[in-house]
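We name chains A, B, ... by the order of the sequence lines, and we start the count at 1 in each one. Heavy-atom basis, side chains included; hydrogens, waters and symmetry copies ignored.
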2 protein chains.
Amino acid sequence: MQNAFVEIAGVKRSLHVQVAREIARKILSGEVAQNEIIPGEMTLCEQFKVSRTSLREAIKLLTSKGLLESKPKVGTRVTDRENWNFLDSQLLDWLIDIGDNNAVYRDFLSLRNALEPEAAALAAENATAQQRILLSATFQRMDDISKDFELESWTEADMEFHRLIFLSTGNSFYLPFANVLCTMFKSFITHSSVRGSTCINEHRAIYSAIMAGDSDKARQANIDLLSKSKRRLPGSN
Amino acid sequence: MQNAFVEIAGVKRSLHVQVAREIARKILSGEVAQNEIIPGEMTLCEQFKVSRTSLREAIKLLTSKGLLESKPKVGTRVTDRENWNFLDSQLLDWLIDIGDNNAVYRDFLSLRNALEPEAAALAAENATAQQRILLSATFQRMDDISKDFELESWTEADMEFHRLIFLSTGNSFYLPFANVLCTMFKSFITHSSVRGSTCINEHRAIYSAIMAGDSDKARQANIDLLSKSKRRLPGSN
DNA sequence: CCACTTTATTTGTATTACTATTAATTCAAT
DNA sequence: ATTGAATTAATAGTAATACAAATAAAGTGG
């Protein structure tokens, strides 16, 4: 019998999550091909040394992220890549763990280019009073840190700032990006892709425009920030 | 004992999916509040008349979409809305089923405005040979249908066209939108939000620009399409 | 009043048995 | 020989029960 939780990298994970992670790794890395039928449940149980209960919960997890598809008699099949939910932060975590992150960083930067200016514009129009308070506090922190720079705390505040913008759009479909953004930033930290300066003035421009409710100015300010920081972001060198 | 599959609206669903759907409905509709602890597993088993196995698989499904969070001794909690993965097509299906779709359509249109022009630009640069073939075939179909208009087949071709653009970006993070788009289009059909004309010329402009590899022109053509069709899309009136 | 221990509750895991679905096979009728 | 309905077998789906682990809360000793 297995322990309910095993500590991995300081985080306790239940068994079925560990199993799911291991299977996901094999799928995402291409070790098992798309459309391939993975071994039957009994085989996998023996392979991972877990009960069928846990294994099935693991498979349900992966199924719901679009990686697998089960049918009686035929088995469990790896789906086409186009069905994988890359905007799921857990999946993204697994993807980053594999390594080969330059492509991931590059693709994500491309997505930010499309989304953040529009998100900033929406936030300028729709941010609630409470969200404006949070944004103010966070920008204040950025401003302070920029004067006495320290990488880790800056990155944390920077992340929170952009996260809040997504949450302030008032658009449900922008919410998932907040978490994806955090996952990426945390990866930047642990993989220590050092970033040069803070672009505090560009951030201030975004902040001011949002607080003023000027969506056009917010959009443009975000475009300016992205184009200025392009050279220093991971994946662009 | 329950049947393994029950037919609902012509589709066979396993028990744990039915249970998950029912719980998801309550969460998404706000019937159970955010941060609320839902009843214990045993209670829910009795309530839904299913075994703990199935119930737990249902909960795993919802957990992986960010709706729930379980901890021993404390129970299973509904998470904050900002953790809900709105870009999961199954979750979106459930959301649409609730009704009150005008906000959903409006938010989605806003997202399309941010993403599709950039997706078209990326597709112009990165579409593979095979993807160009598929795109050609699909546009051909659109062109044919536009001359002898029939709503359902047009919507289907229109959907496939925009779906292919997302798939042709060569950017993993754009892939999930393809499925979300399809879910939305299918909802348009069943909820019969009639759309006026085909905008075939605007579509042709996008198609030609992508085939020519002209990313700037593709982006602009997509912007033109969106601004022209804005008036007629659901949620904008 | 604080730190430590115990307890009770809830989720996590394991095991086994059985059911439902469906691909593949068999076999009869045409 | 071809078709098509019935049978078989393999695999996922469901159920029931037992026990382990985690942890909030209550209790205990200093």
Side-chain angles (χ1 to χ4, degrees), chain A residues 1-23 27 32 35-79 90, chain B residues 1-23 32 35-64 66-79 90:
Chain A
M1 192 169 291
Q2 302 271 343
N3 287 340
F5 292 91
V6 174
E7 200 153 329
I8 297 177
V11 184
K12 291 183 180 179
R13 299 190 212 266
S14 59
L15 249 188
H16 74 264
V17 175
Q18 298 175 56
V19 173
R21 186 182 122 66
E22 190 55 28
I23 298 177
I27 295 175
V32 303
N35 283 86
E36 187 176 319
I37 303 282
I38 67 175
E41 291 184 342
M42 285 316 192
T43 314
L44 291 172
C45 285
E46 290 169 14
Q47 200 170 314
F48 288 108
K49 307 246 195 301
V50 298
S51 72
R52 214 179 139 213
T53 310
S54 293
L55 181 82
R56 279 182 60 79
E57 288 184 352
I59 288 181
K60 287 296 157 294
L61 207 79
L62 297 176
T63 302
S64 75
K65 294 182 191 309
L67 295 179
L68 293 176
E69 211 171 38
S70 296
K71 268 209 305 210
K73 168 73 185 176
V74 45
T76 299
R77 198 177 55 82
V78 177
T79 58
Q90 195 174 19
Chain B
M1 192 169 290
Q2 302 273 340
N3 288 341
F5 292 90
V6 174
E7 200 154 329
I8 297 178
V11 184
K12 290 184 181 179
R13 300 189 211 268
S14 58
L15 249 188
H16 73 263
V17 174
Q18 297 175 56
V19 174
R21 185 181 123 63
E22 190 55 29
I23 298 176
V32 302
N35 284 86
E36 188 176 318
I37 303 282
I38 68 175
E41 292 183 342
M42 283 316 189
T43 314
L44 290 173
C45 285
E46 290 168 14
Q47 201 170 314
F48 289 108
K49 307 247 195 302
V50 298
S51 72
R52 211 179 142 212
T53 310
S54 293
L55 181 82
R56 280 183 60 79
E57 288 184 354
I59 289 182
K60 288 297 157 293
L61 206 80
L62 297 176
T63 301
S64 75
L67 295 179
L68 293 176
E69 211 170 39
S70 296
K71 267 210 305 215
K73 170 71 184 177
V74 46
T76 299
R77 199 177 54 83
V78 177
T79 59
Q90 194 174 19

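At the heavy-atom level, B:Thr53 lies under 4.0 Å from base atoms of the strands shown.
Contact of the B:Arg52 side chain with the B:Leu44 side chain is not registered, since no non-hydrogen atoms from C-beta on lie closer than 4.5 Å. Between B:Val78 and B:Asn35, every side-chain heavy-atom pair lies at or beyond the 4.5 Å cut-off.
Set against C:dT11, D:dA15, C:dT13, the side chain of A:Leu15 has C:dT13 as its closest nucleotide. Distance from the side chain of B:Glu41 is smallest for C:dG12 among the nucleotides D:dT11, C:dG12, C:dT13. Set against C:dT22, D:dA12, D:dT14, the side chain of B:Ser54 has D:dT14 as its closest nucleotide.
The side chain of A:Arg52 contributes no N or O atom lying less than 4.0 Å from OP1 or OP2 of C:dA14. Here B:Ser51 does not reach the OP1 or OP2 of D:dT14: none of its side-chain N or O atoms lies under 4.0 Å away. Distances shown here put every side-chain N or O of B:His16 at or beyond 4.0 Å from the OP1 or OP2 atom of D:dG13.
Mapping B:Lys73 and B:Met42 onto DNA chain D by nearest heavy atom places B:Met42 at the nucleotide closer to the 5' end. Judged by closest nucleotide on DNA chain C, A:Val17 is the one of A:Lys71 and A:Val17 placed further toward the 5' end.
Rounded to whole angstrom, the span from the CG atom of B:Leu44 across to the P atom of C:dT10 amounts to 12 Å. Rounded to whole angstrom, the span from the CG atom of B:Leu55 across to the P atom of D:dA15 amounts to 10 Å. Put simply, CZ on A:Arg56 is 15 Å from P on C:dA14, counting in whole angstrom units. Between the CZ atom of A:Arg77 and the P atom of D:dA12 there is a distance of 14 Å, rounded to whole Å. Separating the CD1 atom of B:Ile37 from the C1' atom of C:dT9 is a distance of 13 Å, rounded to the nearest angstrom. For A:Phe48 and C:dT13, the CZ to P distance is 15 Å, given to the nearest whole Å.
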Check step by step if salt bridge (Lys or Arg N to Asp or Glu O under 4.0 Å) holds for A:Arg77 and A:Glu36. CA-CA 6 Å; A:Arg77 198 177 55 82; A:Glu36 187 176 319; over 6 Å; no
